[in-house]
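A short worksheet on the structure shown next.
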Number of protein chains: 2
Amino acid sequence: MTGCNLETIRYYENIGVMPEPPRSSKNYRVYDDSHVTRLRFIMRSRELGFTLEEVRDLLALVDGGAQTCGEVQVLANTHLTSVRTKIADLKRIEHVLSSTVAQCTGDDVPECPVIDALTEVA
Amino acid sequence: MTGCNLETIRYYENIGVMPEPPRSSKNYRVYDDSHVTRLRFIMRSRELGFTLEEVRDLLALVDGGAQTCGEVQVLANTHLTSVRTKIADLKRIEHVLSSTVAQCTGDDVPECPVIDALTEVA
DNA sequence: CCTTGAGCCTGTACCAACTACAGACACTAG
DNA sequence: CTAGTGTCTGTAGTTGGTACAGGCTCAAGG
């Protein structure tokens, strides 16, 4: 249906981002469209890297029914900033790693620029 | 000395990437240069995003004293690939987020492109 | 000499965001 | 009727640490 692991949904119920659904006579969870919609919202948020705490904030706004574009924009911009920071961090790492690995001979010798870089006293 | 939290060093000892150092008469840990060197190696590896499991592998090679540039290069390249994958993932996220947020009016209105994107049925 | 504050010691619990069981019941196909 | 799969509950494990609690030790100041 949503491709979401059932145990993950249960987890979302536990932490309160998904409501507890009604149960069948045999105690099985019975979901309706509103659950599916909400779960998709959470999944899409997670795909975009929002933490569950941020998702909780977004949902609180939407649940209130009185969210404003301005409020949502603030949350999204905060998240966007953290994403950009992560990209910058990873790019630095990528640069160091790739330029170091490029100096490797790849041979059967103990001398290795990668080890040197990691051992570096500086 | 290394700027590393003492509790982190203890954690490294527990998981076996740092050796248990000798103790003083009062049971205090006594570190020497070899510990400092090893800790710096771990810290630099972590800064470059290697997991502790990967650090363990690197250290196993170095500890054997018989590491070859080729072996190290394989580990480094594997890690480099995962770094590049993460960058690509985050760039996609950054693109979606920034182009969506750019459509926000930021006003006191409930309509919001970010919410629309998260609710999207497609 | 005594106190006070800091440092270290051990062990355990906590964080995110799930995943992976164990043990019990339910349901479906052959 | 039985085998295999699904769900149910609750708990423990994952990664890379951080944050105590409760106890010792040590150095400085009065």
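Only this structure's heavy atoms are used, side chains among them; waters, hydrogens and symmetry mates stay out. Per chain, numbering begins at 1; letters A, B, ... match sequence-line order.
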Out of C:dT10, D:dC8, D:dG16, minimum distance to the side chain of B:Thr51 belongs to D:dG16
From the candidates D:dG17, D:dC8, C:dC9, the one with an atom nearest any side-chain atom of A:Asn27 is D:dC8
Whole-Å distance separating the CD atom of A:Glu54 from the P atom of C:dA16: 12 Å
Which residues pass the side-chain hydrogen bond (donor to acceptor under 3.5 Å, both in side chains) test with B:Arg29, sequence neighbours left out? B:Glu13
What is the distance, to the nearest angstrom, from the CD atom on A:Glu13 to the P atom on C:dA17? 18 Å
Separation of atom CZ in B:Arg46 from atom C1' in D:dT18, rounded to whole Å: 14 Å
Quick one: does A:Glu7 reach the base of D:dC8 with a side-chain donor-acceptor pair under 3.5 Å? no
Report the nucleotide, chosen from C:dC18, D:dG16, D:dC8, that has the shortest atom-to-atom distance to any side-chain atom of A:Tyr12. C:dC18
Closer than 4.0 Å, any side-chain N/O of A:Asn5 to the OP1 or OP2 of C:dT19? yes
The nucleotide from C:dC18, C:dC9, D:dC8 with an atom nearest the side chain of A:Arg29 is D:dC8
Taking it one step at a time, do A:Ser98 and B:Leu80 satisfy side chain to side chain contact (heavy atoms under 4.5 Å, CB included)? CA-CA 7 Å; A:Ser98 62; B:Leu80 183 51; 3.9 Å; yes
How close or far is atom P of C:dC15 from atom CZ of A:Arg56, stated in whole angstroms? 12 Å
Any Lys/Arg nitrogen of A:Arg56 or A:Glu53 sitting under 4.0 Å from an Asp/Glu carboxylate oxygen of the other? yes
Value in whole Å for how far the C1' atom of C:dC14 lies from OH of B:Tyr11: 14 Å
Hey, does the side-chain of A:Arg10 have a donor or acceptor N/O within less than 3.5 Å of a partner on the base of D:dG10? yes
Please give, in whole Å, the distance from D:dA19 P to B:Leu6 CG? 13 Å
List the steps, then state whether salt bridge (Lys or Arg N to Asp or Glu O under 4.0 Å) holds for B:Asp89 with B:Arg92. CA-CA 5 Å; B:Asp89 289 347; B:Arg92 271 192 299 96; 3.0 Å; yes
Rounded distance in Å - NZ (B:Lys26) to C1' (D:dC26): 11 Å
How close do A:Leu59 and A:Ile42 get, counting heavy atoms only, and between which atoms? CD1-CG1, 4.1 Å
Determine: side-chain N/O of A:Thr8 to OP1/OP2 of C:dT19, distance under 4.0 Å, yes or no. yes
Whole-Å distance, A:Ile15 CD1 to C:dC18 C1', equals 10 Å
